[in-house]
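In what follows, every chain begins at residue 1, and chains take the letters A, B, ... in the order their sequences are listed.
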There are 2 protein chains.
Amino acid sequence: MTNRKVVSFENIKVACKDCSLATLCLPMGLEPDDVERLDGIVKRSRPFHRGDHVFRESDKFHSLRVITSGSIKTYTPNENGSEQVLGFHLPGEVIGLDAIQNYHHTCSAVALETTAVCDIPFEQLESLSSSIPSLQHQIYRLLSREIGHETEMLTLLGKKSAEERLATFLLSFSERFKKRGFSATDFFLSMSRHEIGNYLGLAVETVSRLFTRFQDEELLHVERKHVQLLDIDRLYEMVHGNNSEKTQQSRI
Amino acid sequence: MTNRKVVSFENIKVACKDCSLATLCLPMGLEPDDVERLDGIVKRSRPFHRGDHVFRESDKFHSLRVITSGSIKTYTPNENGSEQVLGFHLPGEVIGLDAIQNYHHTCSAVALETTAVCDIPFEQLESLSSSIPSLQHQIYRLLSREIGHETEMLTLLGKKSAEERLATFLLSFSERFKKRGFSATDFFLSMSRHEIGNYLGLAVETVSRLFTRFQDEELLHVERKHVQLLDIDRLYEMVHGNNSEKTQQSRI
DNA sequence: TAAATCACTTGATCCAGCTCAATAACTTCT
DNA sequence: AGAAGTTATTGAGCTGGATCAAGTGATTTA
């Protein structure tokens with residue numbers, strides 16, 4: 001299956017400074033010289049195919065990974081043999097942050113489609129960050145941002161209805177695609193309904209029914225993995241509550 | 001309300017090296033000299049009383065806070081004026097990590113009882129960590145650990161039943177109290193049933209009924225905030241599924 | 001091109017946990 | 001100590017979303 005063309009990919013070495021993701025990735029806000037030094041430790045790995053694991057839970061941790069193309073699902077196997085999907089990750093996003101803690105991965109990461117990643121050996125990153133304050137700052141922020149994301153997910157899972165969850169999910173992808181220069185209203189989701197449901201704490205059937213309903217209500221058009229958002233504003237209203245209530249929000 | 005005795009507290013300056021929390025807090029694993037330097041930037045603030053805010057969402061961020069005694073609830077106000085409880089924090093735990101991202105707090109923190117905290121001005125910590133690699137490492141780990149915690153909460157809220165949630169909650173406190181030298185089976189919860197429910201994504205009534213049921217099943221004895229765990233093993237079974245299934249756990 | 005498998009949709013039913021409501025116990029204030 | 005306000009418990013009934021079941025398209029295999 002591994003043909004010559006794939007091998008040729010390995011030689012395509014794009015420097016961080018030339019990478020289109022620079023503003024989304026670790027180099028963000030670094031001086032050109034420092035980007036150069038960061039670039040020195042980054043390794044571009046071969047592409048992963050759909051279903052390939054980038055790492056598995058309990059693997060020894062050595063590198064953070066930055067997605068450069070494609071998409072990745074992270075998940076934890078749980079007691080009863082099923083899994084909890086933790087996130088879907090797009091180019092420019094860093095995975096493996098949970099593993100810094102004790103140098104073992106606490107979740108698994110699998111490619112949802114053909115996906116390329118950069119490897120950033122963490123020990124090297126760490127010592128580099130000691131001598132580049134802005135890099136250190138960048139890493140602190142990155143970790144803090146991840147905490148913020150997860151906090152939002154806690155609210156989603158703790159309080160929101162099924163329709164609010166799916167609307168939030170779709171808008172998140174819309175925004176993230178937009179930030180990457182793709183359409184905010186017309187995109188392909190690389191994960192299955194089952195994975196969406198798992199991530200959102202909903203049954204597959206519920207997700208499916210919601211897609212159908214959203215389509216009936218002309219909020220979107222959906223055909224399998226292809227989604228076209230037709231009324232982003234109403235999706236936002238769904239997520240943030242009727243803005244009438246929002247404005248008269250009480251203090252606590 | 002602020003009497004003289006409280007003022008006298010302000011003068012009790014316990015150095016990090018003498019603090020009983022040292023092994024739970026940032027100094028963990030640092031050389032004595034480095035603890036000394038860390039100690040130089042730490043400020044002990046006056047005690048907060050029940051209901052006092054340590055910080056509020058959207059406040060400008062300047063310091064991480066380490067709880068030295070008492071307990072704190074963090075929460076985010078959400079759209080419809082209600083709140084999502086994000087966590088309950090005990091001595092040795094650090095709060096404010098989410099605010100590093102953009103120097104604004106994204107959640108509020110309120111004292112659940114009389115509570116003392118240390119302030120660690122973040123900019124000073126950051127520059128100190130540039131020159132103390134082990135401190136830098138400690139901070140990375142701390143942030144990573146926080147990500148790990150939240151990941152566990154995602155699984156809790158995404159997949160677990162009400163009884164599993166409450167059992168998990170109780171065991172978490174049991175372990176944390178134990179780690180701090182208190183009883184693992186006999187403790188006081190400083191938060192209300194309402195706050196527990198909010199945190200666990202359950203209605204107050206459900207929490208109350210579960211406490212009653214757990215008591216009927218002789219898993220624990222509860223009277224208001226005072227909890228005595230009578231059968232920790234069965235609580236663990238509840239959380240981790242019947243251990244028969246657990247052992248034959250499949251790969252994915 | 002047919003058969004098998006997998007992913008998704010749709011319908012019917014069920015139930016865990018929510019909401020509403022009343023009461024009880026504790027706390028705070030005067 | 002009694003009144004007023006909070007917080008917790010308990011009961012009854014409801015419902016959003018789960019589960020179970022069947023069918024329909026896709027996609028892969030042969």
Side-chain angles (χ1 to χ4, degrees), chain A residues 1 49-51 73 80 82-85 88 110 112-114 156-170 188-217 220-227 238 252, chain B residues 1 49-51 73 80 82-85 88 110 112-114 156-170 188-217 220-227 238 252:
Chain A
M1 287 301 134
H49 301 104
R50 179 176 166 75
K73 171 183 83 169
N80 48 36
S82 67
E83 65 184 50
Q84 168 69 45
V85 173
F88 302 108
V110 65
L112 292 169
E113 60 194 303
T114 302
L156 183 101
L157 294 175
K159 299 277 171 303
K160 300 202 176 180
S161 67
E163 78 165 34
E164 287 173 308
R165 292 181 199 198
L166 188 62
T168 306
F169 174 82
L170 291 169
F188 283 80
L189 296 171
S190 55
M191 73 297 294
S192 69
R193 298 286 190 271
H194 184 86
E195 289 166 324
I196 296 173
N198 186 303
Y199 176 61
L200 297 176
L202 300 172
V204 204
E205 295 92 330
T206 305
V207 174
S208 185
R209 276 184 252 271
L210 282 170
F211 268 118
T212 306
R213 211 186 83 205
F214 283 5
Q215 181 159 250
D216 290 348
E217 295 173 352
L220 50 75
H221 180 78
V222 60
E223 193 174 344
R224 297 248 133 185
K225 302 196 183 301
H226 184 194
V227 177
M238 237 180 223
I252 290 193
Chain B
M1 289 297 137
H49 300 104
R50 178 176 167 73
K73 170 184 85 169
N80 49 34
S82 68
E83 66 183 50
Q84 168 68 44
V85 174
F88 302 108
V110 65
L112 292 168
E113 59 195 305
T114 302
L156 184 103
L157 294 175
K159 299 278 170 301
K160 300 201 175 178
S161 67
E163 78 166 33
E164 288 173 307
R165 293 181 199 198
L166 188 62
T168 305
F169 174 81
L170 291 169
F188 283 79
L189 296 171
S190 56
M191 73 297 294
S192 69
R193 297 286 190 270
H194 185 86
E195 289 165 325
I196 295 172
N198 186 306
Y199 177 60
L200 297 175
L202 300 173
V204 204
E205 295 93 330
T206 303
V207 174
S208 185
R209 276 184 251 270
L210 282 171
F211 268 119
T212 306
R213 212 187 82 205
F214 282 4
Q215 180 158 252
D216 290 348
E217 295 172 354
L220 50 75
H221 180 78
V222 60
E223 193 175 344
R224 295 249 136 184
K225 300 196 184 304
H226 183 195
V227 176
M238 233 179 226
I252 292 192

Review point. Quick one: A/R209 CZ to D/dG17 P, roughly how many Å, whole number?
Key: 11 Å

Review point. Using the C1' atoms of the five pairs at each end, what is the angle between the end axes of the helix from C/dT1-D/dA30 to C/dT30-D/dA1, to 10°?
Key: 50°

Check your understanding: How is A/A162 classified with respect to the nucleic acid when contacts are heavy atoms under 4.0 Å: base, sugar-phosphate, or nothing?
Key -> sugar-phosphate

Exercise for review: Look at A/K225 and D/dA26 and indicate whether a side-chain polar atom (N or O) is within less than 4.0 Å of OP1 or OP2.
Suggested key: no

**Study point:** Intermediate values then yes/no, side chain to side chain contact (heavy atoms under 4.5 Å, CB included), A/E163 and A/F214
**Key:** CA-CA 9 Å; A/E163 78 165 34; A/F214 283 5; 4.1 Å; yes

Review point. What distance separates B/R193 CZ from B/R209 CZ, expressed to the nearest 0.5 Å?
Key: 13.5 Å

Practice item. Quick one: label B/G197 by what it contacts on the DNA or RNA (base, sugar-phosphate, nothing), any heavy atom closer than 4.0 Å. Key: nothing

Practice item. Calculate, to the nearest 0.5 Å, the distance between atoms CE and CZ belonging to A/M238 and A/R165 respectively. Key: 14.5 Å

Practice item. If the plane angle is over 60° it's perpendicular, under 30° parallel, otherwise tilted; pick one for B/F169 and B/F88. Key: perpendicular

Revision key, fill the gap. Counted 5' to 3', the first and last nucleotides of DNA chain C within 4.0 Å (strictly under) of a heavy-atom of chain B are C/dG17 to C/dC26

Exercise for review: For the residue pair A/Y199 and A/V207, establish whether any side-chain heavy-atom pair is separated by less than 4.5 Å.
Suggested key: no

Check your understanding: Hey, does B/E195 have a side-chain heavy atom less than 4.5 Å from the side chain of B/K73?
Key -> yes

Point to revise | Protein-nucleotide distance (A/L166, atom CG; D/dG16, atom P), rounded to Å | key: 17 Å

Exercise for review: Report the distance from atom CD of A/E205 to atom NE2 of A/H194, rounding to the nearest 0.5 Å.
Suggested key: 10.0 Å

Practice item. Tell me which of A/V207 and B/R50 sits closer to the 5' end of DNA chain D, going by the nucleotide each one is nearest to. Key: B/R50

Check your understanding: Are any of B/T212's side-chain N or O atoms less than 4.0 Å away from OP1 or OP2 of D/dT10?
Key -> yes

Check your understanding: Tell me: CZ of B/F214 to C1' of D/dT9, nearest whole Å?
Key -> 16 Å

Point to revise | Between CG on residue B/L200 and OG1 on residue B/T206, distance to nearest 0.5 Å | key: 10.5 Å

Check your understanding: Hey, does B/S208 reach any base, or is it just sugar-phosphate, or nothing, if we go heavy atoms under 4.0 Å?
Key -> base

Point to revise | Distance below 4.0 Å between A/R224 side-chain N/O and D/dA26 OP1 or OP2 | key: no

Review point. With sequence neighbours excluded, what pairs up with B/T168 under the side chain to side chain contact (heavy atoms under 4.5 Å, CB included) test?
Key: B/L156, B/K160, B/V239

